[in-house]
Amino acid sequence: MTKGFNAGDAFPSDVVFSYIPWSEDSPEITSCGIPINYNASKEFANKKVILFALPGAFTPVCSANHVPEYIQKLPQLREKGVDQVAVLAYNDAYVMSAWGKANGVTGDDILFLSDPEAKFSKSIGWADEEGRTYRYVIIIDHGKVTYAAKESAKNTLEISSADAVYKQL
């Protein structure tokens with residue numbers, strides 16, 4: 001089993017997440033939508049992407065700091081050539097979609113992706129015994145990992161924060 005990534009590693013070719021695309025027709029948090037597969041390997045292949053993961057939607061550090069930092073820093077990240085920012089958690093696509101709406105994210109500014117059963121996170125050794133994703137970040141530039149790091153503790157927000165990632169671009 002692979003443990004994380006190193007700079008220069010290829011992003012795996014078989015990574016599929018689940019998500020509900022944001023829709024102008026259903027912006028309310030109570031509007032569910034239909035989960036679809038998001039082929040991250042294909043979608044990320046020709047883009048510069050920041051994929052940050054966290055233990056769970058609607059949790060204290062994640063809701064108060066982690067996601068809001070990325071929302072606030074999005075224009076600066078785009079200036080550094082980032083095409084896509086995506087947040088990943090083990091929560092199902094319905095919860096992730098509602099969390100995006102609760103944070104006022106529209107369109108595909110930041111994708112709120114579900115890692116069902118933490119399959120991807122487990123495959124890289126970055127999920128806990130309970131099946132929750134660890135807090136980590138992976139920068140993928142046209143299919144190649146340029147930076148990957150996992151936080152040392154669940155409620156720590158140092159190396160995967162938007163400010164820390166900005167410095168790695």
Side-chain angles (χ1 to χ4, degrees), residues 11 15-44 47-78 82-124 126-140 148-166:
F11 190 73
V15 178
V16 177
F17 299 124
S18 176
Y19 92 123
I20 298 173
W22 186 86
S23 169
E24 223 174 88
D25 299 334
S26 56
E28 299 85 20
I29 196 168
T30 55
S31 180
C32 294
I34 298 170
I36 62 171
N37 284 340
Y38 183 85
N39 186 331
S41 300
K42 180 181 173 192
E43 295 292 333
F44 296 170
K47 296 176 182 167
K48 189 172 190 176
V49 178
I50 296 170
L51 176 66
F52 70 102
L54 36 81
F58 295 105
T59 56
V61 173
C62 307
S63 290
N65 298 100
H66 213 172
V67 167
E69 273 189 5
Y70 276 94
I71 293 169
Q72 181 183 15
K73 197 118 184 139
L74 194 58
Q76 292 94 322
L77 296 171
R78 295 248 193 258
V82 172
D83 298 302
Q84 186 67 70
V85 174
V87 57
L88 182 69
Y90 82 101
N91 299 96
D92 67 36
Y94 297 107
V95 171
M96 294 302 286
S97 173
W99 197 33
K101 292 173 184 180
N103 277 283
V105 176
T106 58
D108 63 358
D109 284 347
I110 296 178
L111 298 178
F112 283 74
L113 303 175
S114 170
D115 185 4
E117 299 172 14
K119 182 180 173 186
F120 171 73
S121 299
K122 286 177 184 175
S123 78
I124 61 170
W126 285 357
D128 67 19
E129 310 78 42
E130 299 167 12
R132 287 178 176 250
T133 50
Y134 281 137
R135 190 178 306 278
Y136 63 84
V137 63
I138 303 169
I139 301 173
I140 304 133
K150 179 178 75 72
E151 294 287 359
S152 60
K154 190 181 277 188
N155 291 323
T156 304
L157 185 54
E158 295 168 359
I159 56 176
S160 66
S161 71
D163 285 332
V165 171
Y166 180 81

Approximate separation, where rounding is to 0.5 Å, of [X] [atom1] and [Y] [atom2]:
X    : Y    : atom1 : atom2 : result
N91  : R132 : CG    : CZ    : 7.0 Å
S160 : I138 : OG    : CD1   : 11.5 Å
T156 : E151 : OG1   : CD    : 6.0 Å
I159 : K150 : CD1   : NZ    : 8.0 Å
S114 : M96  : OG    : CE    : 7.0 Å
D83  : D108 : CG    : CG    : 10.5 Å

[X] vs [Y] side-chain heavy atoms within contact, under 4.5 Å:
X    : Y    : value
V85  : F52  : yes
I36  : P21  : yes
L88  : Y136 : yes
F11  : S41  : yes
F17  : L111 : no
V165 : Y70  : yes

If you look at every heavy atom in [X] and [Y], which pair is closest and at what distance?
X    : Y    : answer
Y19  : A93  : CA-CB, 3.9 Å
E129 : Y134 : OE2-OH, 4.2 Å
Q72  : Q76  : O-OE1, 3.6 Å
Y94  : G33  : CE2-O, 3.6 Å
L54  : R135 : CB-NH1, 3.8 Å
A118 : G131 : CB-O, 3.1 Å

Is it the case that the side chain of [X] and the backbone of [Y] share a donor-acceptor pair, with hydrogens and angles ignored and the cut-off at 3.5 Å?
X    : Y    : result
N37  : N39  : no
N103 : V105 : no
E69  : A162 : yes

Original post:
More than 12 foreign heavy atoms under 6.0 Å from CD of E117: is that the case here?
Top reply: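 Incorrect, the count does not exceed 12.
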
**OP:** Kindly indicate, with the supporting measurements, whether the criterion side chain to side chain contact (heavy atoms under 4.5 Å, CB included) is fulfilled by V67 and F112.
**Re:** CA-CA 10 Å; V67 167; F112 283 74; 4.0 Å; yes

Subject >> Residue pair T133 / D115, side-chain donor-acceptor N/O under 3.5 Å >> reply: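 D115 and T133 do not have a side-chain donor-acceptor pair below 3.5 Å.
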
Subject >> Derivation of the side chain to side chain contact (heavy atoms under 4.5 Å, CB included) call for E43 and V15 >> reply: CA-CA 10 Å; E43 295 292 333; V15 178; over 6 Å; no

